[in-house]
Amino acid sequence: MTEGLEYTGFVEDGGTPDEDELVCEFYLKHVDSVEFDWASGAVAAESSIGTWDPSLTTMRDGIREMGARVVEMDTDAGDGRNDGVARIAYPTELFEPGSIPQILSSVAGNIFGLSEVVNLRLKDVVFPSELVESFAGPALGIGTIRSRVDAEDRPVVGTIVKPKLGLRPDEHAEVAYEGWVGGLDVVKDDENLADMSFNGFDDRVEATLEAKREAEEETGEQKLYFPNITASGDEMKKRADVVLQNGGDYVMVDILTAGWGALHEIRDYVGDDVGIHGHRAGHAAFTRLPYHGVSMLAVAKFARLCGVDNLHAGAVVGKMEGGRDEVVEIYDFLRSDRGIKTTIPVASGGLHPGVVGDVVDILGSETVVQAGGGVHGHPDGTRAGGRAMREAAESAGEGVSVEERAEESEALATALEKWGTE
Ligand SMILES: O=C(O)[C@H](O)COP(=O)(O)O
Ligand SMILES: [Mg+2]
């Protein structure tokens with residue numbers, strides 16, 4: 001039997017991660033028949049160099065040292081029944097530079113299916129700077145995005161064209177135009193709008209970018225459009241070409257359904273002048289349970305490394321779940337200095353003008369705040385809905401209450417009458 005390849009041989013409790021190691025924090029619950037250190041060691045082994053049989057005849061000198069190490073185990077962090085939190089340190093050479101798929105096949109791969117592991121959650125990942133530098137990171141950064149639309153002292157505001165499916169390209173463009181002229185900075189496609197029989201991608205992009213130019217002329221403001229190019233890799237590139245040929249400067253990708261490999265490809269393809277709006281549709285399938293899956297914080301870290309400029313990251317208020325502490329931590333991470341450009345967090349889902357102030361109070365104004373129903377459901381239409389959102393964003397930026405601002409804005413007053421301030 002090769003010395004030290006048993007699962008517990010991967011445990012070095014009290015060890016210290018080296019500066020150039022990648023460190024993961026896992027919540028772990030195991031079956032009765034094993035101990036916490038055995039289960040943690042199994043996770044470290046299977047996610048690095050090991051397997052169930054410790055006596056591999058193929059081991060060479062030096063490979064054992066490449067194995068991950070459990071450097072910390074905290075069984076008080078669980079509910080006291082076969083669970084706890086383990087920190088595992090991974091030598092950098094286990095990872096292909098610049099590849100989220102390869103990293104995830106290691107630290108979020110087979111380990112989720114080990115039979116002795118009842119539940120497993122990748123809570124956090126800390127990347128060493130050598131690995132961070134191997135990724136493209138965002139092209140623009142928060143400062144550039146805010147200054148493009150002259151929203152340095154307030155949140156950027158936008159809408160998602162609704163109904164999310166069903167409008168024709170000319171109708172889509174008209175709704176977008178109304179939103180921009182009303183005062184919105186951003187109009188985006190919805191996550192399940194792609195190249196549809198009733199709304200072809202090329203026609204939609206051409207018409208909507210034309211509407212954007214008209215709105216820019218009319219308002220004297222720069223506007224942004226995020227067309228959803230989500231498709232297979234090659235098709236996604238063709239759609240990005242259509243956007244650029246029609247004068248667009250941003251694309252939107254459903255990052256989880258399209259996949260990390262496709263996201264790398266599109267970041268590389270569009271280069272350093274084009275923004276990528278990242279929608280996280282599907283994330284809750286594996287981020288939502290607190291004791292299983294992969295945390296949204298970890299997803300946010302992968303997305304930023306891959307080069308997502310805007311990321312849906314929770315809003316605390318509104319229709320989507322996401323606790324305050326968790327969402328604040330994600331926002332702080334996206335805005336922090338990590339040696340690559342920053343990603344602007346996007347608050348979206350069930351928002352309306354009456355809650356923009358709450359979003360800013362909780363999450364700050366370096367944010368894109370979006371509303372679909374909360375714009376197009378305005379009793380006086382999309383233009384008034386857009387105006388009400390803009391007024392709400394401006395008042396939040398100035399620290400003025402939305403009620404006070406509504407005294408001089410009919411659009412905002414009507415919105416508050418309909419939706420209130422919660
Ligand atoms: O994808 C999103 O974030 C939603 O389209 C938001 O829509 P809503 O503002 O109508 O909830
Ligand atoms: Mg949506």
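When a residue number appears, it is its place in the shown sequence, counting from 1. The analysis underlying the following values was restricted to heavy atoms, covering all of them including side chains, and did not include hydrogens, waters or symmetry mates.
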In short, Ala313 meets Pro345 closest at the heavy-atom pair CB-CB, 4.3 Å
Correct closest heavy-atom pair for Pro91 and Gly67 would be CD-O, 3.7 Å
Are Arg387 and Glu178 ion-paired here, with the side-chain N under 4.0 Å from a carboxylate O? no
Reference residue Asp309; test side chain to side chain contact (heavy atoms under 4.5 Å, CB included); the match among Thr343, Val346, Ile145, Thr342: Ile145
How long is the gap from CZ on Phe36 to NZ on Lys29, to the nearest 0.5 Å? 11.0 Å
Heavy-atom count around Glu19 CD within 6.0 Å, excluding the residue itself: above 12? no
Is Asp13 reaching over with its side chain to a backbone N or O of Gly15, donor-acceptor style, under 3.5 angstrom? no
Is the shortest side-chain heavy-atom distance between Ile266 and Ile229 below 4.5 Å? yes
Indicate whether any N or O donor in one side chain lies under 3.5 Å from an N or O acceptor in the other, for Tyr27 and Asp83. yes
Val356 and Val369 have their tightest heavy-atom pair at CG2-CG1, 4.2 Å
More than 12 heavy atoms of other groups within 6.0 Å of Asp79 CG: yes
Would you check if there is a donor-acceptor pair between the side chains of Asn110 and Glu46 at a distance under 3.5 Å? yes
Can you check whether Ile255 reaches His283 side chain to side chain, under 4.5 Å on heavy atoms? no
Any side-chain heavy atom of Met66 sitting closer than 4.5 Å to one from Glu93? yes
With the threshold set at 4.0 Å, does a side-chain nitrogen-carboxylate oxygen contact exist between Glu152 and Arg146? no
Within 45° of the axis and under 6.0 Å from the centre of the six-membered ring of Tyr291, does NZ or CZ of Arg121 qualify? no
Is a salt bridge present between Glu216 and Lys223, judged by a nitrogen-to-oxygen distance below 4.0 Å? no
Do Leu22 and Val107 have side chains that approach each other closer than 4.5 Å (heavy atoms only, starting at C-beta)? yes
What I want to check is whether the side chains of His376 and Thr159 have a donor and an acceptor closer together than 3.5 Å. yes
Answer yes or no: are there more than 12 heavy-atom neighbours, outside Arg288 itself, under 6.0 Å from its atom CZ? no
How close do Ser348 and Ala315 get, heavy atom to heavy atom, and via which atoms? N-CB, 4.1 Å
May I have the step-by-step check of side chain to side chain contact (heavy atoms under 4.5 Å, CB included) for Val31 and Val34, ending in yes or no? CA-CA 6 Å; Val31 296; Val34 302; 4.2 Å; yes
Heavy-atom count check: over 12 atoms from other residues, nucleotides or ligands less than 6.0 Å from Glu130 CD? no
Partner of Arg204 by salt bridge (charged side-chain N to carboxylate O under 4.0 Å, His left out), out of Asp170, Asp190, Asp189: Asp189
Is it the case that over 12 heavy atoms from other parts of the model lie below 6.0 angstrom from the CZ atom of Arg168? no
Quick one: is the NZ or CZ of Arg87 closer than 6.0 Å to the six-membered ring centre of Phe26, and within 45° of its axis? no
Is there a side-chain contact between Arg335 and Ile330, using heavy atoms and a 4.5 Å cut-off? no
How about Tyr177 and Thr382: does a side-chain donor come under 3.5 Å of a side-chain acceptor? no
Are any non-hydrogen side-chain atoms of Leu224 and Asp185 less than 4.5 angstrom apart? no
Do we get Arg267 above Phe135's six-membered ring, with its NZ or CZ under 6.0 Å from the centre and within 45° of the axis? no
Any idea how Trp419 and His352 line up, ring-wise: parallel (<30°), tilted (30 to 60°), or perpendicular (>60°)? parallel
Using a 3.5 Å distance criterion without hydrogens, assess whether the side chain of Ser99 forms a donor-acceptor pair with backbone atoms of Gln102. yes
Using distance alone, with no hydrogens and no angle criterion, decide if Asp53 and Ser55 have a side-chain donor and acceptor under 3.5 Å apart. yes
Testing the basics here: between Trp180 and Val186, what is the closest heavy-atom pair and its distance to 0.1 Å? NE1-C, 3.8 Å
Return yes when atom NZ of Lys162 has more than 12 non-hydrogen atoms of other residues, nucleotides or ligands closer than 6.0 Å, and no otherwise. yes
Compare all side-chain heavy atoms of Leu305 with those of Val132 and state whether any distance is below 4.5 angstrom. yes
So does Glu35 have more than 12 non-hydrogen atoms from other groups sitting under 6.0 Å from CD? no
Residue pairs, two or more places apart or on separate chains, that pass ring-ring contact (aromatic ring centres under 6.0 Å, His included) and touch residues 207-232: Phe226-Tyr250, Phe226-His277
Considering all heavy atoms, the nearest Gly271-Ala139 contact: O-CB, 4.0 Å
Can a donor-acceptor pair be found between the side chains of Tyr331 and Glu366 at a distance below 3.5 Å? no
Quick test of your reading of the model: are Lys164 and Glu191 salt-bridged, counting only N-O distances below 4.0 Å? yes
Could you go through Lys123 and Glu326, starting from their C-alpha distance and side-chain angles, then the distance that decides it, and tell me whether this counts as salt bridge (charged side-chain N to carboxylate O under 4.0 Å, His left out)? CA-CA 11 Å; Lys123 288 161 63 76; Glu326 184 197 3; over 6 Å; no
Heavy-atom side-chain contact between Val23 and Tyr90 under 4.5 Å: no
